[in-house]
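Here the structure is a predicted model, which means the values were calculated and not measured. Throughout, residue positions are numbered sequentially from 1 according to the sequence presented.
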Amino acid sequence: FGDREHAISFTDEELQMIHLILGSLSKEIAVREYKEREVRASKTLSSIMNNMGVDIYVNSFDSHDMLYANESMAAPYGGIEHFEGKKCWQALDKTGECEFCPKKHLIDENGQPTKVYSWDYQRPFDKCWFRVFSAAFAWIDGQMAHVITSVDIDHQKTIEEELRIAKEKTENLDRLKSAFLANMSHEIRTPLNAIVGFASLLVESDDKKERQDYVDIMQENTELLLQLISDILDLSKIEAGTLDFTMDYLDIKSFCEDIIRNYDIKEDKPVPVLLAPTLPNFYIYTDKKRLMQVITNFINNALKFTNKGQ
């Protein structure tokens, strides 16, 4: 009352009333401030729980009734309403208690919480992978509760699967490479033995025609040996992705005769490789060297698994 010229005195009853009113106002302000702080803290905590990139839900340990779920957990199921008034397994669209329910891992023999239990889980309806962490704890009303948090690891699982496939391919390639080199070691001996053997005969022979035949056979075996060595070198080129192709027109009849001639010079041939006596002249546009590799591998495999016949 600063605009008054003369001071006014209050009676004891008036002062007591003013004191009570001011006390009530002070308490009301304190209560409202406390509630506002509580609301702000609740909103802050809720915002953290909904934006931390982790799916979270809580259910009663004994009854399985849903107690809480954050937004990221509820969103794929249609929203938080889907979880209200349901058992946890009903909220997860199961027909009964989950076969992977971890309750037995979360309490000791006295029914007290023990440690966090973890496992990987694939969600049925979208096949996404999650790493799940589960623990028991006391809920706000004192009952034992079960909290489940899960982190999306679908990208990690994809990388793991790609690494597994790559590992299998590498191991398979190593096996194929070993088999290839083992086969080549045998194939290389055949032309080498022919070259060495006919070189000795060439020195001992005086007949000009016979010597020329020996030279021709040695030349064919030399070319075969070079082809085999080239095959081994091509294996490294294939792995490096630098394999080149030389394309040209190829006479199939002459091509097949060259293949048969390579097998005719082999000493150990329990199953002969034959060519039809009459073949039409036919040309294709291809890489002769690569086609020779393919056809030769087919014939070698056939010989490997053929005990008799031709």
Trainee: Say whether, by atom type as modelled, one donor and one acceptor occur between the side chain of K86 and the main chain of H82 under 3.5 angstrom.
Mentor: yes
Trainee: Can the positive tip of K288 be found less than 6.0 Å from the middle of the six-membered ring of F255, inside 45° of the ring normal?
Mentor: no
Trainee: Classify the ring geometry of F83 against Y57: parallel below 30°, tilted from 30° to 60°, perpendicular beyond 60°.
Mentor: tilted
Trainee: Are side-chain N/O atoms of H146 and S60 paired as donor and acceptor at under 3.5 Å?
Mentor: no
Trainee: Is the positively charged end of K94 above the ring of W89, judged by distance under 6.0 angstrom from the centroid and angle within 45° of the axis?
Mentor: no
Trainee: Does the ring centre of Y214 sit less than 6.0 Å away from the ring centre of F198?
Mentor: yes
Trainee: Taking atom types as modelled, is there a side-chain donor on D141 or Q143 under 3.5 Å from an acceptor on the other?
Mentor: yes
Trainee: Does any N or O in the side chain of T114 come within less than 3.5 Å of the main-chain N or O of D108, such that one atom is a donor and the other an acceptor?
Mentor: no
Trainee: Does CG belonging to D206 count more than 12 external heavy atoms closer than 6.0 Å?
Mentor: no
Trainee: Could you list all the side-chain hydrogen bond (donor to acceptor under 3.5 Å, both in side chains) pairs where at least one residue sits in residues 278-287, not counting sequence neighbours?
Mentor: none
Trainee: Quick check: does any side chain N or O of S26 sit under 3.5 Å from a backbone N or O of L22, one acting as donor and the other as acceptor?
Mentor: no
Trainee: Return yes if some donor-acceptor pair links the side-chain N/O of D65 with the main-chain N/O of K87 below 3.5 Å, else return no.
Mentor: no
Trainee: Indicate yes or no for a side-chain donor-acceptor contact from S72 to the backbone of V54 under 3.5 Å, with no hydrogens or angles considered.
Mentor: yes
Trainee: With E168, which residues qualify under side chain to side chain donor-acceptor pair (under 3.5 Å), at least two apart?
Mentor: R164
Trainee: Quick one: does any side-chain atom of S46 pair with a main-chain N or O of S42 as donor and acceptor, under 3.5 Å?
Mentor: no
